[in-house]
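Contents: one structure, followed by commentary.
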Amino acid sequence: MRLTDYFLPTLRENPKEAEIVSHTLMLRAGMVRQETAGIYSWLPLGFNVMKKIEQIVREEQNRAGFVEILMPTIQPADLWKSSGRYEDYGKEMLRIRDRHDREMLYGPTNEEMITEISKMGVRSYRDLPTRLYHIQWKFRDEVRPRFGVMRGREFLMKDAYSIDIDKEAARRSYYRQFIAYLRTFERMGLKAIPMAADSGPIGGDMSHEFVILADTGESAVFCDRDLVDMPVPADDIGYDDDLEAVAAAWTSKYAATDEKHDEAKFVADVPEERRVSARGIEVGHIFYFGTKYSDAMGASVQNADGKATPFEMGSYGIGVSRLVAGIIEANHDEAGIIWPESVAPFHVGLINLKVGDSETDEACNAFYQNLENAGVDVLYDDTDERAGGKFKNMDLIGLPWQLIVGPRGIKSGEVEVKNRASGERFNLSPDAALNMLTSRK
RNA sequence: CGGGGCAUGGCGCAGUCUGGUAGCGCACCUGGUUUGGGACCAGGGGGUCGUAAGUUCGAAUCUUACUGCCCCGACCA
């Protein structure tokens, strides 16, 4: 992509409404624009990153044996009346009426709908397990939206739902998601720690929040250092294996958010040198809720004995749009964002230091073509900005690699490759630079 | 939902107390000099001063109501 063809409205100064660093940087890097409190337009750079995150989530859900569907944003109120939640949900639910004065709502979640869909499709225990997910916009009318897309009212979320015949089977579905989450966040360059969470109406041990560590995190978290460096299962993990045993490496170690933190247990269970007190951001939540909705909505199947058995259900959420901000919170410096390669909007920022200088233009065009041909996403700054501005901008938007080409270097047969994360610079011949950047892909 | 603050050009702000017909920095446009980490000079364009009503010869400024946004708290992926 040539910058002259792109839409990248970067800001030089910090917008005053932004309180946390990810919000400031997303506004400054031209990733989003606020339309009203907690509701944002996604501009090209932000949208690009969000799609990359979404795709990683999708791939790992598929790998874990969940099947993608798409449910609507607008739901009929009757559906929610059938579970009793229409009255319970309160003002966070955005309630609307259509032209026939029918009560509708902008969905804050989809348990009721998935239960109805499953009732229609599941007739026998032989049809189970049913494991579905979708990635869709949701709306929760937060009293006080803040922190940009970190806590907006409209947000993109992956939510998955499992339906099993009994609790043992439900456990297996639950741990599929547990492992999928470890892999998903790892692929985005995040350290996500599963932490025991309140498990809603059922209780028990089947609810975990996945929290990423970031200095600017919203809540205090406490965990065993072993969890931070625990190697995540590889992509050949067998999802039909006993994943609860695999997950035990995580669930057996101490980890808690401040609400659930038990200092005495922390001190007793974790040797002092391994105690981590940090800040965290919740990016995922998985839980088993048993028959809460299936009971209320009469969703059952016949078991092998011919007896009606209510669905055993779990739901599993990942805040996709929130992750965009979460990743920035975990990956930035004074100059701007530092994208992990897997979610970077482009891999290489090609900087032409002197547009109009024929040798420099020629060299840049060649790089641009060759990198594109090699399948490397390039953002080519072909504007006639001054060099200083280009450097600042490129650091701000945080592409992993910068390829800096100017007349001075061309004369001595060199270009500069800069790694955004480490700050390392390499003066290389054009061929060596091209080789370095294409071999990474 | 309680408490507080703010609303003036694309962004950040001054002007409001003490009413007199709108200004600064950045950004933008033109010309020139520059050019490897946010240059300089000269010229220029752009604002129903959140909305509505009121007071006044005259309102960004005073009064009232409303709306929006931000912050703290309670709440939350």
Side-chain angles (χ1 to χ4, degrees), chain A residues 9-20 23-24 27-28 30 33-39 57 89-93 107-110 135-160 181 192 197-198 200 207-212 217-219 257 259 280-287 315-326 334-336 351-357 360 381 383-396 402-412 414-416 418 423 425 427:
Chain A
T10 57
L11 304 173
R12 190 161 168 175
E13 293 173 80
N14 290 339
K16 69 168 175 181
E17 75 259 27
E19 185 68 11
I20 59 168
H23 191 192
T24 300
L27 292 169
R28 284 195 54 206
R33 192 185 98 96
Q34 178 170 315
E35 298 300 346
T36 182
I39 297 180
V57 170
Y89 215 92
K91 292 191 161 181
E92 290 208 339
M93 179 184 279
T109 179
N110 290 71
I135 299 172
Q136 177 63 291
W137 291 94
K138 309 226 178 309
F139 194 92
R140 291 183 195 167
D141 200 359
E142 295 282 344
V143 196
R144 191 184 157 204
R146 64 187 119 168
F147 304 148
V149 300
M150 186 76 81
R151 180 144 171 227
R153 291 194 289 174
E154 188 183 50
F155 53 95
L156 186 65
M157 190 167 169
K158 181 283 299 183
D159 43 325
Y181 275 38
D198 283 326
S207 178
H208 287 89
E209 288 179 10
F210 284 73
V211 174
I212 58 174
E218 60 202 338
S219 55
T257 57
E259 307 99 56
I281 299 166
E282 183 185 346
V283 289
H285 197 161
I286 60 177
F287 59 96
S315 78
Y316 317 94
I318 290 180
V320 174
S321 49
R322 164 178 268 208
L323 270 168
V324 179
E334 289 293 297
I351 299 179
N352 182 332
L353 288 177
K354 190 161 185 171
V355 169
D357 176 88
T360 308
D381 188 343
T383 65
D384 56 8
E385 272 294 297
R386 300 167 58 82
K390 292 189 176 191
F391 290 132
K392 293 285 184 193
N393 246 338
M394 204 56 89
D395 284 348
L396 173 64
Q402 295 174 13
L403 174 54
I404 301 159
V405 181
R408 190 184 299 172
I410 296 278
K411 279 196 175 52
S412 52
E414 282 187 340
V415 297
E416 184 178 316
K418 176 182 157 184
R425 296 154 186 278
N427 287 304

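Residue numbers begin at 1 in each chain, while the letters A, B, ... track the order of the sequences.
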- Message: Looking at B:A39, I'd like to know if its phosphate oxygens (OP1 or OP2) sit under 4.0 Å from a side-chain N or O belonging to A:Arg386.
- Response: yes
- Message: Output the rounded distance in Å from CZ (A:Phe147) to P (B:A77).
- Response: 15 Å
- What is the pairing partner of B:A42, taking Watson-Crick or G-U wobble pairs with both distances under 3.5 Å in any strand? B:U30
- Task: Could you give the distance separating B:C70 and B:C28 at their P atoms, to the nearest angstrom?
- Result: 28 Å
- Task: Identify which nucleotide among B:C75, B:G36, B:C69 has an atom closest to any side-chain atom of A:Thr36, counting heavy atoms from C-beta outward.
- Result: B:C69
- Message: Side-chain N or O of A:Lys16 versus OP1/OP2 of B:C6: is the shortest distance under 4.0 Å?
- Response: no
- Task: Please check if the side chain of A:Arg322 supplies one atom and the backbone of A:Val283 the other of a donor-acceptor pair under 3.5 Å.
- Result: no
- Rounded to whole angstrom units, what separation is found between the CG atom of A:Leu27 and the P atom of B:C70? 11 Å
- Message: Measure CD/A:Glu19 against P/B:C6 and give the value in whole Å, please.
- Response: 17 Å
- Message: Looking only at the side chains, is there a donor atom on one of A:His285 and A:Ser207 sitting less than 3.5 Å from an acceptor on the other?
- Response: yes
- Any donor and acceptor pair, going by atom type alone, linking the side chain of A:Glu218 with main-chain N or O of A:Glu282 inside 3.5 Å? yes
- Task: Please report, rounded to the nearest Å, how far the P atom of B:C76 is from the CE atom of A:Met93.
- Result: 16 Å
- Query: Out of B:G36, B:C76, B:C28, which nucleotide sits closest to the side chain of A:Phe391?
  - Reply: B:G36
- Are any of A:Thr109's side-chain N or O atoms less than 4.0 Å away from OP1 or OP2 of B:A77? no
- Item | Per A:Arg140 side chain, nearest of listed nucleotides B:A39, B:A77, B:G73 | B:A77
- Note on the structure: Among the nucleotides B:G36, B:A77, B:G73, whichever has the atom closest to the side chain of A:Arg322 is B:A77
- Classify the side chain of A:Asp395 and the base of B:G37 as holding, or not holding, a donor-acceptor pair under 3.5 Å. yes
- Task: Between B:A74, B:C76, B:G37, spot the one nearest the side chain of A:Lys418, thanks.
- Result: B:G37
- Query: Between atom CE in A:Met150 and atom C1' in B:C75, what is the gap in whole Å?
  - Reply: 17 Å
- Considering Watson-Crick and G-U wobble pairs with both distances under 3.5 Å, what does B:C1 pair with? B:G73
- Message: Could you tell me the Watson-Crick or G-U partner of B:G37, where both distances fall under 3.5 Å? Say none if there is no partner.
- Response: none
- Could you check which nucleotide pairs with B:U51 in any of the strands shown, counting Watson-Crick or G-U wobble with both distances under 3.5 Å? B:A65
- Task: Write down the distance separating the P atoms in B:U16 and B:A7, rounded off to the nearest Å.
- Result: 13 Å
- Item | Donor-acceptor side-chain pairing of A:Gln402 and A:Asp395 below 3.5 angstrom | yes
- Taking the side chain of A:Gln34 as heavy atoms from C-beta outward, which of B:C76, B:C69, B:C11 is closest to it? B:C69
- Message: Both A:Arg408 and A:Ala37 contact RNA chain B. Taking the nearest nucleotide for each, which residue is further toward the 5' end?
- Response: A:Arg408
- Select one nucleotide: of B:C1, B:C69, B:C75, the one nearest the side-chain heavy atoms of A:Lys91. B:C1
- Item | Base-pairing mate for B:G25 - Watson-Crick or G-U, with both contacts under 3.5 Å | B:C11
- Identify which nucleotide among B:C1, B:C75, B:G37 has an atom closest to any side-chain atom of A:Val143, counting heavy atoms from C-beta outward. B:C1
- Taking A:Tyr316 for its side chain and A:Tyr181 for its backbone only, find out whether a donor-acceptor pair lies under 3.5 Å. no
- Within the modelled atom types, does a donor on one side and an acceptor on the other bring the side chain of A:Arg146 and the base of B:C69 under 3.5 Å apart? no
- Task: Indicate whether OP1 or OP2 belonging to B:A27 is found under 4.0 Å from a side-chain N or O atom of A:Arg12.
- Result: yes
- Earlier contact from the 5' end, RNA chain B, for A:Ile404 and A:Glu17: A:Ile404
- Item | Closest listed nucleotide, where the reference is the side chain of A:Glu385 and the choices are B:C76, B:C28, B:A74 | B:C28
- Task: Calculate the interatomic distance between A:Ile20 atom CD1 and B:C72 atom P; express it in whole Å.
- Result: 11 Å
- Message: I'd like to know if the side chain of A:Arg153 and the backbone of A:Ile39 have a donor-acceptor N/O pair within less than 3.5 Å.
- Response: no
- Looking only at non-hydrogen atoms, find the nearest pair between A:Lys91 and A:Asp141 and report the distance. O-CB, 3.6 Å
- Message: Nearest whole Å is fine: how far is B:G68 P from A:Arg153 CZ?
- Response: 10 Å
